[in-house]
Amino acid sequence: MTTDKATEQASDVHISFDNVVKSYDGSTQVVKDLNLDVNRGEFLTLLGPSGSGKTTCLMMLAGFESITSGTITIDGRAIQDILPHKRGIGMVFQNYALFPHLTVRKNLSFPLEVRGMSASERNSRVMRALELVQLEGLENRKPRNLSGGQQQRVAIARALVFEPEIVLMDEPLGALDRRLREEMQYEIRRIHQQLGVTMVYVTHDQQEAMVLSDRVAVFRDGRIEQIATPETLYEEPSRVFVSSFIGDNNVLYGEVREVQDNDICHVSIGPDRNVQALSVEETKPGEPVWVAIRPERVGIAKTENQYSNQFDAIVNDIVFMGDHLRINVDTCGVRNFIIKIPNLVGHGAVLPGDEIQVGWATLDCRALSMDSEKT
């Protein structure tokens with residue numbers, strides 16, 4: 001009999017934040033009553049804009065920031081009074097934090113020397129770590145003789161060399177160019193899959209979070225707005241902030257007119273305009289809601305009544321993006337409504353100034369309660 005991986009992880013919590021609060025001045029809370037469980041072997045990403053509290057959470061877990069109130073536990077043991085270097089956590093920073101005067105070998109040996117390992121054991125672990133990050137043969141170089149990507153691999157190897165059960169990464173790819181950043185995302189994913197360690201990763205890059213993570217916790221103003229798998233966050237956002245932060249989204253404002261038994265609601269978005277949408281939370285007639293639609297779920301209608309939601313539009317602008325066209329239209333009272341269509345129909349299928357009809361399916365848009373945005 002096989003056991004579902006998610007079920008196994010859920011029964012083996014590795015890290016817990018329980019009612020954790022962080023304030024630097026005693027009044028403003030940068031982390032607000034945080035409750036979060038990280039499963040053993042999970043890759044969890046803390047995602048959010050600058051100032052949302054994600055890095056502060058990571059630093060409290062690492063021991064570089066104190067907790068104002070609440071508890072953080074590892075394997076059920078509170079860690080507030082444990083020094084950072086005794087928590088058994090590997091750490092990777094954005095700026096690499098390598099010793100410039102030491103070789104790669106000595107950079108990796110340092111955390112092992114601190115732990116009192118023998119020379120033979122140090123050498124064995126250094127070589128294993130270099131093999132893991134595919135830097136064999138570069139152990140005698142100094143950081144200045146390595147590329148940015150190689151330096152980051154060394155930083156990752158140093159975090160893994162003493163074989164920790166938990167690895168924390170704080171915006172580790174932020175200093176790399178786009179191509180190298182994408183390459184390193186898949187390298188980190190490969191390393192995690194190979195080792196199976198628990199990883200907690202901080203980034204503001206939603207694509208990075210989608211590529212790497214088992215789950216993503218979306219932060220805003222010191223709180224988690226939603227935590228779920230990347231697919232669930234994208235396909236089933238529970239809040240407007242999440243729907244907008246994870247990928248592109250069009251958002252319309254309206255008022256619920258009718259709610260059907262199958263959670264389909266009819267939303268008035270203006271004079272003689274009604275949208276059918278899936279209601280994410282229980283809604284009642286008369287309540288204000290946001291209606292969110294992904295640009296790639298919107299199509300250009302070729303016939304009348306092709307879509308359950310179909311409206312007149314005027315093309316404002318077209319941007320060629322290679323594999324798709326990004327079309328900006330004026331529709332439903334929104335000046336910058338975005339449509340993404342595959343570049344299969346050919347550039348020039350529509351032109352600025354064209355009057356067209358756009359549409360989308362009922363299940364491709366979601367009615368989100370405005371009250372949820374205030375909590």
Side-chain angles (χ1 to χ4, degrees), residues 45 47-49 52 206-207 209-210 213 215-221 223-270 272-301 305-313 324 326-341 357-375:
T45 294
L47 174 70
S52 60
Q206 57 94 6
Q207 178 183 338
M210 300 283 275
S213 314
R215 288 190 303 159
V216 180
V218 182
F219 274 71
R220 181 191 188 192
D221 296 332
R223 291 191 174 94
I224 293 177
E225 292 282 291
Q226 186 176 355
I227 180 169
T229 64
E231 182 177 356
T232 298
L233 286 176
Y234 191 85
E235 300 291 352
E236 303 174 26
S238 62
R239 301 195 175 200
V240 170
F241 177 80
V242 175
S243 72
S244 298
F245 201 81
I246 305 290
D248 292 331
N249 225 354
N250 296 300
V251 179
L252 307 174
Y253 169 76
E255 182 178 294
V256 177
R257 291 303 184 196
E258 179 187 351
V259 182
Q260 299 175 351
D261 292 338
N262 57 358
D263 292 329
I264 301 301
C265 64
H266 295 252
V267 181
S268 173
I269 59 170
D272 301 320
R273 291 196 194 101
N274 289 283
V275 172
Q276 296 181 48
L278 179 66
S279 182
V280 172
E281 298 177 339
E282 183 177 349
T283 55
K284 298 177 181 178
E287 289 185 347
V289 292
W290 297 109
V291 178
I293 316 104
R294 296 288 183 190
E296 68 272 17
R297 303 296 168 82
V298 182
I300 298 175
N305 303 316
Q306 180 178 342
Y307 297 97
S308 55
N309 297 296
Q310 191 160 317
F311 305 95
D312 294 331
H324 72 276
R326 182 184 176 92
I327 304 175
N328 182 308
V329 303
D330 186 341
T331 188
C332 299
V334 176
R335 173 66 180 168
N336 296 306
F337 193 96
I338 303 301
I339 307 169
K340 293 180 180 178
I341 61 174
Q357 285 201 326
V358 299
W360 57 88
T362 298
L363 296 182
D364 282 336
C365 64
R366 297 179 177 272
L368 305 170
S369 170
M370 294 187 68
D371 290 340
S372 69
E373 298 305 300
K374 300 175 184 177
T375 59

- prompt: What's the verdict on side-chain contact (heavy atoms from CB on, under 4.5 Å) for Leu233 and Ile227, showing C-alpha distance, side-chain angles and the deciding distance?
  reply: CA-CA 8 Å; Leu233 286 176; Ile227 180 169; over 6 Å; no
message: I'd like to know whether CD of Glu282 has more than 12 heavy-atom contacts from other residues, nucleotides or ligands below 6.0 angstrom.
response: no
- request: Give the C-alpha distance, both sets of side-chain angles, the deciding distance and a yes or no for side-chain contact (heavy atoms from CB on, under 4.5 Å) between Val218 and Ile224.
  value: CA-CA 6 Å; Val218 182; Ile224 293 177; 5.9 Å; no
- prompt: Which atoms form the tightest heavy-atom contact between Val275 and Cys365, and what is the distance?
  reply: CG1-SG, 4.0 Å
- prompt: Do the non-hydrogen side-chain atoms of Ile339 and Val358 ever get within less than 4.5 Å of each other?
  reply: yes
- prompt: Hey, are the side chains of Ile341 and Ile300 touching, using non-hydrogen atoms and a 4.5 Å cut-off?
  reply: yes
message: Evaluate Met210 against Ile246 for side-chain contact (heavy atoms from CB on, under 4.5 Å), listing each step before the verdict.
response: CA-CA 9 Å; Met210 300 283 275; Ile246 305 290; 4.0 Å; yes
message: What I want to find out is whether Glu281 reaches Arg366 closely enough, with some N-O distance under 4.0 Å, to be called a salt bridge.
response: no
- line: Taken in chain and number order and not counting sequence neighbours, the residues that satisfy side chain to side chain donor-acceptor pair (under 3.5 Å) with Thr362 are Ser308
- request: Measure from the side-chain N and O atoms of Asn274 to the backbone N and O of His266, and report whether any donor-acceptor pair falls under 3.5 Å.
  value: no
query: With side chains defined as the heavy atoms from C-beta onward, is the minimum distance between Asp248 and Arg326 less than 4.5 Å?
result: yes
query: Any side-chain heavy-atom pair from Phe337 and Pro295 closer than 4.5 angstrom?
result: no
query: If you measure from the Lys or Arg side-chain nitrogens to the Asp or Glu carboxylate oxygens, is any gap between Arg223 and Glu225 under 4.0 Å?
result: no
- request: Decide yes or no for Ile338 and Ile327: does some side-chain heavy atom of the first lie under 4.5 Å from some side-chain heavy atom of the second?
  value: no
- request: Identify the two heavy atoms, one from Cys265 and one from Thr283, that lie closest to each other, and give their separation to 0.1 Å.
  value: CB-OG1, 4.4 Å
query: Which heavy-atom pair separates Val242 from Gln226 by the least distance, and what is that distance?
result: CG1-OE1, 3.6 Å
- prompt: Is the shortest heavy-atom distance from the side chain of Phe219 to the side chain of Phe245 under 4.5 Å?
  reply: no
Check: Thr45 side chain, Leu47 main-chain N or O, donor-acceptor pair, under 3.5 Å: no
- request: Identify the heavy atoms of Gly299 and Tyr307 that sit nearest to each other, and give their distance.
  value: CA-OH, 3.5 Å
- prompt: With distance as the sole test, does Ser244 use its side chain to make a donor-acceptor pair with the main-chain N or O of Val240 at under 3.5 Å?
  reply: yes
field: Phe241 and Trp290: CA distance, side-chain angles, deciding distance, ring-ring contact (aromatic ring centres under 6.0 Å, His included) verdict
entry: CA-CA 11 Å; Phe241 177 80; Trp290 297 109; over 10 Å; no
- prompt: Backbone N or O of Thr232 within a donor-acceptor pair of the Glu235 side chain at under 3.5 Å?
  reply: no
- prompt: Is the backbone N or O of Ser243 less than 3.5 Å from a side-chain atom of Arg294, with the two atoms forming a donor-acceptor pair by type?
  reply: yes
field: Glu287 side chain to Lys284 backbone, donor-acceptor under 3.5 Å
entry: yes
message: Could you tell me if the side chain of Val291 sits less than 4.5 Å from the side chain of Val251, heavy atoms only?
response: no
- prompt: Is Asp263 reaching over with its side chain to a backbone N or O of Ser279, donor-acceptor style, under 3.5 angstrom?
  reply: no
field: 4.5 Å side-chain heavy-atom contact, Val298 and Ile293
entry: yes
- line: Nearest heavy-atom contact between Trp360 and Cys332 is CH2-SG, 4.3 Å
query: Which heavy-atom pair separates Gln276 from Asn309 by the least distance, and what is that distance?
result: N-OD1, 2.7 Å
task: Mark yes or no for whether Gln357, through its side chain, and Ala301, through its backbone, hold a donor-acceptor pair below 3.5 Å.
output: no
